[in-house]
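One structure is given below, encoded as structure tokens.
Since the model is a prediction, treat every value here as computed from it, not as a measurement.
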Amino acid sequence: MDYDKLLNDRQLEAVKKTKGPVLILAGAGSGKTRVLTYRTAYLIEKENVAPYHIMAITFTNKAAAEMKSRISTVVGERGRDVWVSTFHSSCVRILRRFALEAGYDRNFSIYDADDSKTVMKAVMKKLNVDPKKFKERTFLSAISKAKDELKGPEEALKDWGHDPVAMLKFKAYKEYEDRLKESNALDFDDLIVKTVELLRTNKEVLSYYQEKFEYMMVDEYQDTNTAQFELVRLLSGGTRNLCVVGDDDQSIYKFRGANIKNILNFEHYFPDATVIRLEQNYRSTKTILSAANSVIKNNEARKDKTLWTENEEGEKIKVCSFESAYEEADYIANDVAVRKRKANDSYSDYAVLYRTNAQSRILEEKFIRENIPYKIVGGVNFYSRKEIKDIIAYLKAIVNPSDDLSVRRIINVPKRGIGEASVEKAAVFATANGKSLYEGLLSSDINPAIKSAASKIRSFTSLIEGFKSRLNESVPTIIRAVLEESGYQNELVIENTDDSKARLENLEEFINKAVVYQNDNEEPTLSGFLEEVALIADIDNLPEGDDYVLLMTLHGAKGLEFDTVYIAGMEDGLFPGFMAITASDGGEELAEERRLFYVGITRARKNLTLTLARTRMVRGEYQTESPSRFLKEISPLLTEGNMPAPSVSSRKTEAPRKKSYTPDTSYNPFKKPVAPKNFGTTIAKAPLSYAVGDRVTHRKFGEGVVLSITDGGRDFEVLVRFDGGEEKKMFASFAKLEKA
DNA sequence: CAGCCATATCTTTTT
DNA sequence: GATATGGCTG
């Protein structure tokens with residue numbers, strides 16, 4: 001393998017610097033996956049490192065699979081022994097192997113966000129928390145944040161203070177932990193946290209892995225949190241051959257605990273670190289890159305770097321404004337069809353990105369109408385559908401009967417006449433005897449509180465016991481048995497509605513996945529299948545071979561690239577989101593949204609189209625927003641279309657811009673702005689000078705606040721609450737409201 | 001105990 | 001608009 005010819009100087013340096021800590025600052029499209037792949041190959045080929053001594057951590061299973069196959073293409077069979085997986089999968093693997101040392105049973109369940117929510121609901125009930133006053137979210141996100149920082153209840157309490165709410169959070173955290181422990185279950189955060197605890201407390205386990213992992217690589221390092229950093233630090237502590245690759249400008253998971261300081265301070269943690277910058281972009285046109293640069297430079301507190309490219313100038317970026325989200329979607333679907341016909345390329349060369357999953361529906365409709373094959377990534381996860389969750393609960397209960405949550409979920413599904421009251425009786429009996437709910441159910445016959453329900457409960461437990469005795473059978477066989485013998489399938493068959501048919505299809509699909517799992521794994525187990533199901537990301541599930549346009553959130557697009565990219569919904573309040581605009585954190589959240597925009601722009605290789613709608617249905621009512629403030633950060637020299645003139649923003653919450661805008665003309669200093677083409681198709685209504693939340697004045701009623709703006713077709717209906725407390729709905733053109 | 005209908009709240013973003 | 005919850009009735 002001739003590495004010198006395949007890589008540029010910087011990339012080559014990154015590949016050959018195999019010893020000690022290395023920080024690779026890899027800008028978008030600078031070939032970081034290439035570097036990681038060849039670095040691994042180089043270790044194996046040139047430095048004779050045994051493949052099983054190398055670990056690479058990626059962000060998604062898909063990325064892991066891709067890297068693995070690319071490594072194998074370069075070094076052949078040996079590549080299979082490189083440990084390539086996500087943080088979460090790696091941790092499960094470690095925890096399964098050393099479950100007892102970590103204080104768990106080998107068959108522990110993994111709770112997803114839904115499960116955590118259900119547990120928290122029960123916790124709040126126990127603590128007599130008024131669900132009107134507090135949402136589960138409040139506690140769960142506080143706990144998750146604490147776990148991301150490796151803080152237990154006591155430590156977290158120090159951060160929270162000592163007011164009553166803090167005490168409540170503390171109690172909730174403790175109770176939540178107890179419940180998971182009793183159920184032999186771990187949530188997503190636990191997977192990392194408990195692994196770190198294991199490595200910290202158990203010297204043998206720590207040195208086992210430190211000796212195993214002589215070389216470590218971490219991709220998407222900018223999105224690691226404190227716990228993940230600690231995990232990496234511990235695992236790589238034997239040799240300190242740790243290579244992390246990231247781009248602080250692409251850090252978009254702060255809300256999930258990602259600690260951007262991990263990248264900004266890498267050199268602080270590892271003073272002997274080698275820092276390598278990859279700044280040559282091989283992906284995008286000069287125009288697209290120029291736009292990306294001019295957007296991201298509005299962020300402060302970033303590692304200074306400027307991406308450059310030898311690629312051609314390329315097409316201008318299109319900015320198209322529409323009356324409604326409906327027209328916006330119409331345009332995008334139509335444009336894909338037109339471009340595809342002209343370019344004669346594949347649907348997979350196109351992607352539509354948006355800020356929120358809710359935007360996908362309307363796009364989907366238009367893609368169906370235009371007869372364009374598409375796939376939506378994200379949104380309602382396949383595995384979070386009710387019927388799938390039900391069947392998974394059966395499987396979890398069979399593998400791990402301590403899993404109270406799953407047992408509760410299925411005990412009366414389908415209906416067996418075992419109600420809440422009977423379950424509670426069994427639960428009380430179990431708790432009194434220090435047993436799990438399932439054990440409590442097993443002893444219903446000797447539970448004096450349970451009388452008539454005892455026989456029904458017995459038939460349930462013998463059903464489960466029957467399944468347990470068949471755990472040695474293949475995973476699809478077990479699932480089929482559960483579906484048939486529990487009566488679940490039959491119930492849906494009898495129902496015979498469109499809905500029930502769809503559910504049955506989903507269950508078939510689930511069995512198909514089990515078949516694939518069974519065939520692809522050397523040692524398939526039900527527990528292993530459940531693990532895969534729990535940790536699968538939506539993007540991991542896309543069928544190969546078919547040709548389709550991808551529709552997904554900007555977050556989902558991380559790490560991907562396409563010839564043509566549309567970013568829809570470029571409106572203030574949507575992107576950047578309302579939360580970011582109103583946040584009083586000195587622009588931190590806004591900066592993260594800007595990074596998200598940067599990620600979106602840099603997904604595009606050749607064409608980029610930004611679209612916005614003046615009105616959009618949000619939560620059942622029409623909202624009017626002004627164009628995204630981010631649009632102004634792209635020089636008009638780089639764009640064409642009918643971008644509305646920077647209007648006087650109607651939001652009074654707009655944060656003052658820290659840097660004044662200077663057009664970045666470095667790549668095309670001689671181009672003149674192109675006259676905007678009109679992409680919009682409807683006659684514009686008189687634009688409103690105010691938006692929802694603004695204070696307005698009415699000639700007769702005085703001052704008030706705008707509660708909602710509804711699109712009434714020819715005119716806008718505006719709902720205003722006047723200071724007298726009176727609410728009035730009026731037509732905008734008629735009422736002549738003025739911004740106060 | 002189950003099934004039906006009214007209502008309230010929701011939204012970022014996800015392994 | 002969609003979904004989760006709650007209250008009511010049979």
I'd like to know if the side chain of [X] reaches the main chain of [Y], judged simply by a donor and an acceptor atom lying under 3.5 Å from each other, with no hydrogens or angles considered.
X: A/Arg614; Y: A/Phe322; answer: no
X: A/Asn298; Y: A/Glu633; answer: no
X: A/Thr615; Y: A/Glu323; answer: yes

Open item on the list: Taking the basic N atoms (NZ, or NE/NH1/NH2) and the acidic carboxylate oxygens, is any pair closer than 4.0 Å for A/Lys389 and A/Asp112?
Closed with: yes
Distances under 3.5 Å only, N/O to N/O: pair up the protein atoms with those of nucleotides 5-9 of chain B.
none

In this structure, how many angstroms lie between the [atom2] atom of [N] and the [atom1] atom of [X], rounded?
X: A/Phe578; N: B/dC10; atom1: CZ; atom2: P; value: 13 Å
X: A/Gln359; N: C/dA2; atom1: CD; atom2: P; value: 17 Å
X: A/Glu420; N: B/dG3; atom1: CD; atom2: C1'; value: 16 Å
X: A/Glu571; N: B/dT12; atom1: CD; atom2: P; value: 17 Å
X: A/Gln623; N: B/dT12; atom1: CD; atom2: C1'; value: 14 Å
X: A/Glu589; N: B/dT12; atom1: CD; atom2: P; value: 10 Å

Open item on the list: Here's one to test your reading of the geometry: is the NZ or CZ of A/Lys366 within 45 degrees of the ring axis of A/Tyr326 and under 6.0 Å from its centre?
Closed with: yes
Task: A/Arg256 NZ/CZ over A/Tyr253 ring centroid, <6.0 Å and within 45° of normal - done: yes
Mind checking if [X] touches a base, just sugar-phosphate, or nothing, with heavy atoms under 4.0 Å?
X: A/Ser422; result: sugar-phosphate
X: A/Gly577; result: nothing
X: A/Ala580; result: nothing

Task: Separation between the C1' atoms of B/dT11 and C/dG6, rounded to whole Å - done: 23 Å
- [ ] Look at the rings of A/Phe213 and A/Trp83 and say which category their plane angle falls in: under 30° parallel, 30 to 60° tilted, over 60° perpendicular.
- [x] perpendicular
- [ ] Classify the ring geometry between A/Phe575 and A/Phe630 as parallel (under 30°), tilted (30 to 60°) or perpendicular (over 60°).
- [x] perpendicular
N/O to N/O distances under 3.5 Å, protein versus nucleotides 13-15 of chain B:
residue	atom	partner	partner atom	Å
B/dT13	OP1	A/Asn357	N	2.9
B/dT13	O4'	A/Arg355	NH2	3.3
B/dT13	O2	A/Arg355	NH2	2.4
B/dT14	OP1	A/Thr553	OG1	2.9
B/dT14	OP2	A/Asn357	ND2	3.3
B/dT15	O4'	A/Arg256	NH1	3.4
B/dT15	O2	A/His88	NE2	2.9

- [ ] Could you tell me if the ring centre of A/Phe134 sits under 6.0 Å from that of A/Phe139?
- [x] yes
Open item on the list: Is the distance from the ring center of A/Phe255 to that of A/His555 below 6.0 Å?
Closed with: yes
Table of protein N/O atoms under 3.5 Å from nucleotides 8-10 of chain C N/O atoms:
none

Task: From CE (A/Met552) to CG (A/Asn357), nearest 0.5 Å - done: 11.5 Å
